[in-house]
There are 2 protein chains.
Amino acid sequence: MIQRGAAPYKGKWALPGDLVYPNEDLDTAAERVLEQLTGLRGVYLEQVRAFGAVDRHPLGRVITIAYFSLIKISDYTVTPASFAQSAKWHSVGKVGELAFDHNEILESCLKRLRRKVRMTPIGFELLPPKFTLTELQQLYESILVQPKGNKQRIDKRNFRKKILSTNLLHDLNELQAGVAHRPAKLYQFDRDKYELLVAEGYSFDI
Amino acid sequence: MIQRGAAPYKGKWALPGDLVYPNEDLDTAAERVLEQLTGLRGVYLEQVRAFGAVDRHPLGRVITIAYFSLIKISDYTVTPASFAQSAKWHSVGKVGELAFDHNEILESCLKRLRRKVRMTPIGFELLPPKFTLTELQQLYESILVQPKGNKQRIDKRNFRKKILSTNLLHDLNELQAGVAHRPAKLYQFDRDKYELLVAEGYSFDI
DNA sequence: GGGTTTGGTGTATAAATGACAATAAGCTTG
DNA sequence: CAAGCTTATTGTCATTTATACACCAAACCC
């Protein structure tokens, strides 16, 4: 989020965004805005939808096209845009009232992310190339666990059974290092195999 | 589709669309454009996404926000918009090369519709209030059957078992009339019951 | 009343899901 | 180096869900 440094909604938190240049595709604009905030290039980015209520911006007609991205926030520092006082990562569960209709936008994006992460293997975008099954499970839990307490946790044995049954994880025969307990085995996602299966009609589903 | 009466793409078929007025929400604009073409109001309409490649319109920068709608085409006559030579319903399987990036837009919308019809009971939007199970099954088949021959037909017994097990169809104890064979029982979708279940976390899935 | 056409139904097998707890392995510390 | 700590790893059973498959029933038409 960025904290707005000017009216309207001065001081309020808002999702970062900017105007699209006349000679810029929407996807390119989204990449640019993301880069301006995080310095990141080439990360996963997906359009969600357009928000176009007439009165959503007090100063004029603004149509926003929302995107979500997947970023390992530990790897990058956020830098506030020029029109922002500060930029800061917020926990999804602790987002208060945002500027404009950004709460609605956030909701839409979260909903899309939750569906997407179960239907395609985008989760691996967020993990290092070599990861443990526990890390993978924690990732899924942090994305999928609903605030409403819909389902609080995933069963470890069932999760491993299901994810390994896809045969898309390659056991590297390497162990995690630097932990103060029994180290876990490291796995790698086999993207080539996945692409191949998709071409044959396969559909990932967790 | 409308057949374009002016350059660019004169004579080509295109999805109907129009510019959004300054004081008009996106959803309202979609409703207006639909009404101009079909005379219809109050039908199901859903935004899919925005298309904004810089060069998608030869004459300038145009960003299109795509919607799909569910319409019983037998009930309404299409009327060409002012800038169109003619307006005509096309079978999805027989759509040729369209103007602009409209083939891509159509693909996106179809994909969304196919997902949506399995995850929410929007199918009933297209049926009369009283319908037979065969009509319902034919509706699902016509939407879901993939061109790639993914799955050619739904099993009658399994379909009925599954749809009736939701307990969302109300058996009206009425029979179809005017058919030259054994008439089928008529059913009604229980929307109130559905809304109630959804509030409790229920999720429709066929 | 017989023919035609679509409506309606059940069962058995396979597959997927969900619940559940004990042992194994590496690390740390005394 | 042994004991203790912490997390990793593994299998079975019961239940539910999916799938394959074929015959009789009922209304209409002639």
Side-chain angles (χ1 to χ4, degrees), chain A residues 117-119 121 127-128 130-142 144-146 149-189 197 201-206, chain B residues 115 117-119 127-128 130-142 144-146 149-189 197 201-206:
Chain A
V117 83
R118 295 200 307 115
M119 308 281 288
L127 292 173
K130 302 174 178 185
F131 53 86
T132 70
L133 293 184
T134 300
E135 286 168 348
L136 184 61
Q137 178 169 354
Q138 283 167 350
L139 175 66
Y140 274 92
E141 282 172 349
S142 65
L144 292 177
V145 164
Q146 302 275 345
N150 201 358
K151 123 164 47 170
Q152 226 22 271
R153 214 165 159 189
I154 303 171
D155 181 87
K156 199 168 28 161
R157 276 169 291 190
N158 293 338
F159 177 79
R160 292 161 104 94
K161 232 186 311 178
K162 195 162 177 181
I163 198 87
L164 288 176
S165 76
T166 63
N167 274 96
L168 289 170
L169 294 196
H170 187 218
D171 183 344
L172 293 168
N173 289 317
E174 281 180 62
L175 294 183
Q176 203 179 16
V179 288
H181 53 79
R182 173 176 179 180
K185 288 200 280 187
L186 292 173
Y187 290 83
Q188 193 168 29
F189 177 64
L197 286 174
Y202 171 77
S203 172
F204 187 86
D205 189 1
I206 288 294
Chain B
R115 188 171 50 73
V117 82
R118 296 200 306 115
M119 307 279 289
L127 293 173
K130 302 174 178 186
F131 52 86
T132 70
L133 293 183
T134 300
E135 286 168 347
L136 184 61
Q137 177 168 355
Q138 284 167 349
L139 174 66
Y140 274 91
E141 283 173 348
S142 64
L144 292 178
V145 165
Q146 302 276 348
N150 201 357
K151 118 162 54 167
Q152 227 19 275
R153 215 166 158 188
I154 304 171
D155 182 87
K156 194 169 33 160
R157 275 172 292 189
N158 293 339
F159 176 79
R160 291 160 106 94
K161 233 186 307 181
K162 195 162 177 182
I163 198 85
L164 289 176
S165 75
T166 65
N167 274 96
L168 289 170
L169 295 195
H170 186 219
D171 182 345
L172 292 167
N173 290 315
E174 283 180 61
L175 295 180
Q176 203 180 16
V179 289
H181 54 79
R182 175 177 177 179
K185 288 202 280 187
L186 292 172
Y187 290 83
Q188 194 169 29
F189 177 63
L197 286 174
Y202 171 78
S203 171
F204 187 86
D205 188 2
I206 287 295

(message) Within a 6.0 Å radius of atom CZ on B/Arg160, are there more than 12 heavy atoms belonging to other residues, nucleotides or ligands?
(response)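 Correct, the count exceeds 12.
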(message) So for atom NE2, which belongs to B/His181, do other residues, nucleotides or ligands contribute more than 12 heavy atoms lying within a distance under 6.0 Å?
(response)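 Yes - once you tally the heavy atoms of other residues, nucleotides and ligands closer than 6.0 Å, there are more than 12.
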(message) Between B/His181 and A/Tyr187, which residue's closest nucleotide on DNA chain D lies nearer the 5′ terminus?
(response)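 First, find each residue's nearest nucleotide; the 5'-ward one identifies A/Tyr187.
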(request) Nearest-nucleotide wise, let me know which of A/Asn158 and A/Ala184 is further upstream toward the 5' end of DNA chain D. (result)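 Closer to the 5' end of DNA chain D: A/Ala184.
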Grab the [atom1]-[atom2] distance between [X] and [N] for me, whole Å please.
X        : N      : atom1 : atom2 : value
B/Lys162 : D/dA20 : NZ    : C1'   : 15 Å
B/Leu175 : D/dA25 : CG    : C1'   : 13 Å
B/Gln138 : C/dG7  : CD    : C1'   : 12 Å
A/Arg118 : C/dA16 : CZ    : C1'   : 15 Å
A/Asp205 : C/dA15 : CG    : C1'   : 14 Å
B/Phe159 : C/dG10 : CZ    : C1'   : 18 Å
B/Gln176 : D/dA26 : CD    : P     : 16 Å
B/Ile154 : D/dA20 : CD1   : C1'   : 15 Å

(message) Classify A/Lys156 by what it touches in the nucleic acid, base, sugar-phosphate, or nothing, heavy-atom distance under 4.0 Å.
(response)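 Touches a base.
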(request) Could you tell me whether A/Thr132 contacts a base, only the sugar-phosphate backbone, or nothing, with contacts defined as non-hydrogen atoms closer than 4.0 Å? (result)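 No contact at all - A/Thr132 keeps every heavy atom at 4.0 Å or more from the nucleic acid.
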Using the 3.5 Å cut-off, write out each protein N or O paired with an N or O of nucleotides 12-14 of chain C and the distance between them.
none

(message) Return whichever of B/Asp155 or A/Gly178 has its heavy-atom-nearest nucleotide of DNA chain C closer to the 5' end.
(response) B/Asp155
(request) With the side chain counted from C-beta on, respond yes when B/Thr132 and B/Leu186 share a heavy-atom pair under 4.5 Å apart, and no when they do not. (result)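 They are in side-chain contact.
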(message) Within the structure provided, determine whether B/Leu127 and B/Tyr187 are in side-chain contact (heavy-atom separation under 4.5 Å).
(response) no
(request) Apply side-chain contact (heavy atoms from CB on, under 4.5 Å) to A/Leu133 and A/Leu164, showing your working. (result) CA-CA 9 Å; A/Leu133 293 184; A/Leu164 288 176; 4.2 Å; yes
(request) Examine D/dT9: is either OP1 or OP2 under 4.0 Å from a nitrogen or oxygen in the side chain of A/Arg160? Give yes or no. (result)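 Answer yes for this pair, as a side-chain N or O of A/Arg160 is under 4.0 Å from OP1 or OP2.
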(message) Under 3.5 Å, is there any donor-acceptor pair linking the side chain of A/Arg157 to the base of C/dA21?
(response)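 Between C/dA21 and A/Arg157, which were checked side chain against base, a qualifying N/O pair under 3.5 Å is present.
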(message) On the side chain of A/Arg182, is there an atom forming a donor-acceptor pair with the base of D/dA8 - under 3.5 Å, no angle test?
(response) yes
(message) Donor-acceptor check, side chain of A/Gln137 to backbone of A/Ile154, threshold 3.5 angstrom: yes or no?
(response)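 Yes, A/Gln137 side chain to A/Ile154 backbone: donor-acceptor pair under 3.5 Å.
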(message) Determine whether a donor-acceptor pair (N or O, by modelled atom type, separation under 3.5 Å) exists between the side chain of B/Gln176 and the backbone of B/Pro183.
(response)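 Not confirmed, B/Gln176 side chain does not pair with B/Pro183 backbone.
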